[in-house]
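First up is the structure itself, then whatever we jot down about it.
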Amino acid sequence: MSYAIVGFGKIGRALAHAFARKNIDVTVASRQPAEALAPEARAIGPRVVARSLQDALKADRIILAVPFGEHREVAKALPSWEGKTVIDATNAFGVPPEELDGLLSSAYVAKAFAGAKLVKGFNHLGAAILATDPIVEGGHRVVFLSSDDEDAIAPVADLAKQLGFAPVKLGKFDEGGALVHARGRTWGQLIFQNLFKKQQ
Ligand SMILES: NC(=O)c1ccc[n+]([C@@H]2O[C@H](COP(=O)([O-])OP(=O)(O)OC[C@H]3O[C@@H](n4cnc5c(N)ncnc54)[C@H](OP(=O)(O)O)[C@@H]3O)[C@@H](O)[C@H]2O)c1
């Protein structure tokens, strides 16, 4: 299974550190040429490799770590998303709900990536926390996963575990997933930042 992170800003880099920590290969890309990202990628770890956006999109599982409004541009970069899993780490914080056709943001993003399996995850932690080792005092930092395609969650939960996180499956976007969605300037209904799940 191959992985790419699209967007190499605060969240993309934080996740690249998580892959590097566990020696899992990952490619990283943005709108910049690969050479521009390569020094920073190399500095994070030898298995973090900068690629062009087109090359990175060859991965089976693609983490979306771009500003919310840019998801459409990324979606347009492939003629078909069939067979891909997109892990949506974006938040539509500050986007008026009426601009999202009444949908939660990941359901809206999923429309742009027609054919892909779309799982929301890795979006509730601030980048500075996400960049740190998720194993804290013997416990594993939680990540919340939701999808309207519930079969798609398990493989992403496996990835989260490989990265050292404790995945919590929330179900569909408009069920448990609603808890980890920004709506307008409101953020979910719970404060998750400091929750940990003890190792089983
Ligand atoms: N920062 C946080 O603490 C935090 C926490 C949770 C979730 N999030 C969410 O994560 C997403 C990323 O946030 P961030 O703070 O990492 O943003 P950021 O630091 O501004 O980084 C955004 C990255 O996306 C790239 N990018 C922008 N448009 C692109 C496109 N069309 N194609 C490919 N790459 C593109 C940018 O690179 P170029 O401009 O060079 O292309 C940059 O590398 C946002 O949706 C945000 O809501 C952020």
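Because the structure is a prediction, the values reported are computed rather than measured. Counting starts at 1 for both ligands and their atoms, in listed order.
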Item to check | Which of the ligand 1 atoms, numbered from 1, are nearer than 4.0 Å to a heavy atom of L125 | outcome: 5 (C), 6 (C)

Checklist outcome for this item: atom 48 (C) of ligand 1 has as its nearest protein heavy atom I11 CG1, 3.3 Å

Checklist entry - Any side-chain heavy atom of K117 within less than 4.5 Å of one from K84? => result no

Checklist entry - Within the side chain of W187, is there an N or O that forms a donor-acceptor pair under 3.5 Å with the backbone of F93? => result no

Checklist entry - Do V6 and I63 have side chains that get closer than 4.5 Å, going by heavy atoms? => result no

Next on the checklist: Tell me if a side-chain donor or acceptor on D25 pairs with a main-chain N or O of Y3 at a distance below 3.5 Å.
Outcome noted: no

Next on the checklist: When you compare ligand 1 with L53, is there at least one nitrogen or oxygen pair between them that comes in under 3.5 angstrom?
Outcome noted: no

Item to check | Distance (rounded to the nearest 0.5 Å) between N23 CG and Q162 CD | outcome: 12.0 Å

Item to check | Atoms in ligand 1 with a heavy atom of V74 nearer than 4.0 Å | outcome: 32 (N)

Checklist entry - What distance do L104 atom CG and F173 atom CZ have between them, rounded to the nearest 0.5 Å? => result 8.5 Å

Checklist entry - Which atoms of ligand 1 are found less than 4.0 Å from any heavy atom of F8? => result 23 (C), 42 (C), 43 (O)

Checklist entry - So which heavy atom in the protein is nearest atom 15 (O) of ligand 1, and how far is it from that ligand atom? => result K10 CE, 3.3 Å

Checklist entry - Do any nitrogen or oxygen atoms of E70 come within less than 3.5 Å of a nitrogen or oxygen of ligand 1? => result yes

Checklist entry - Does a side-chain heavy-atom distance below 4.5 Å link L130 with F165? => result yes

Item to check | Protein contact to atom 32 (N) of ligand 1 [nearest heavy atom, distance to 0.1 Å] | outcome: R31 CG, 3.5 Å

Checklist outcome for this item: F68 heavy atoms within 4.0 Å reach ligand 1 at atoms 45 (O)

Checklist entry - Looking only at protein heavy atoms, which one is nearest to atom 11 (C) of ligand 1, and how far off is it? => result V66 O, 3.2 Å

Next on the checklist: Below 3.5 Å, N or O to N or O, backbone or side chain included: is there any such pair between E73 and ligand 1?
Outcome noted: no

Item to check | atom 21 (O) of ligand 1: nearest protein contact (heavy atom, Å) | outcome: G9 CA, 3.2 Å

Item to check | A127 N/O to ligand 1 N/O under 3.5 Å | outcome: yes

Next on the checklist: Which of the numbered atoms in ligand 1 are under 4.0 angstrom from any heavy atom belonging to Q32?
Outcome noted: 40 (O)

Checklist entry - At a 4.0 Å cut-off, with the gap strictly under it, does some heavy atom of L64 reach an atom of ligand 1? => result no

Checklist entry - Quick one: does H17's side chain have a donor or acceptor within less than 3.5 Å of a partner on I44's backbone? => result no

Next on the checklist: G12 versus ligand 1: do any nitrogen or oxygen atoms come within less than 3.5 Å of each other?
Outcome noted: no

Checklist entry - Should T132 and R141 count as side-chain neighbours, where that means a heavy-atom distance under 4.5 Å? => result yes

Item to check | Test: R47 cationic atom under 6.0 Å from F19 six-membered ring centre, within 45° of axis | outcome: no

Item to check | N123 N/O under 3.5 Å from ligand 1 N/O | outcome: no

Next on the checklist: Among all protein heavy atoms in this structure, tell me which lies nearest to atom 22 (C) of ligand 1, with the distance rounded to 0.1 Å.
Outcome noted: P67 CD, 3.6 Å

Checklist entry - Any N/O of A29 closer than 3.5 Å to an N/O of ligand 1? => result no

Item to check | Heavy-atom side-chain proximity of L100 to F68 below 4.5 angstrom | outcome: yes

Checklist entry - Would you say G126 has any N or O atom under 3.5 Å from an N or O of ligand 1, going by distance alone? => result no

Checklist entry - Taking C-beta and beyond as the side chain, do L170 and V180 meet within less than 4.5 Å on heavy atoms? => result yes

Checklist entry - Under a 4.0 Å heavy-atom limit, does L130 contact ligand 1 with its side chain, its backbone, both, or neither? => result neither

Checklist entry - Considering only heavy atoms, does A65 approach ligand 1 within less than 4.0 Å through its side chain, its backbone, both, or neither? => result backbone

Item to check | Carboxylate-amine/guanidinium proximity below 4.0 Å for E73 and R31 | outcome: no

Checklist entry - Nearest to atom 25 (C) of ligand 1, what protein heavy atom do you find, and at what distance? => result G7 CA, 3.8 Å

Next on the checklist: Within the structure, is a non-hydrogen atom of F93 found at a distance of less than 4.0 Å from ligand 1?
Outcome noted: no

Item to check | Nearest protein heavy atom with distance in Å, relative to atom 34 (N) of ligand 1 | outcome: S30 CA, 3.4 Å

Item to check | Structural part of A89 in contact with ligand 1, heavy atom criterion under 4.0 angstrom | outcome: backbone

Item to check | N-O pairing of D101 and K111 below 4.0 Å | outcome: yes

Item to check | CD on Q32 to CG on L37, rounded to 0.5 Å | outcome: 5.0 Å

Next on the checklist: Less than 3.5 Å apart, any donor N or O on the side chain of D149 or S147 sitting next to an acceptor on the other?
Outcome noted: no

Item to check | Nitrogen or oxygen atoms of H124 and ligand 1 under 3.5 Å apart | outcome: no

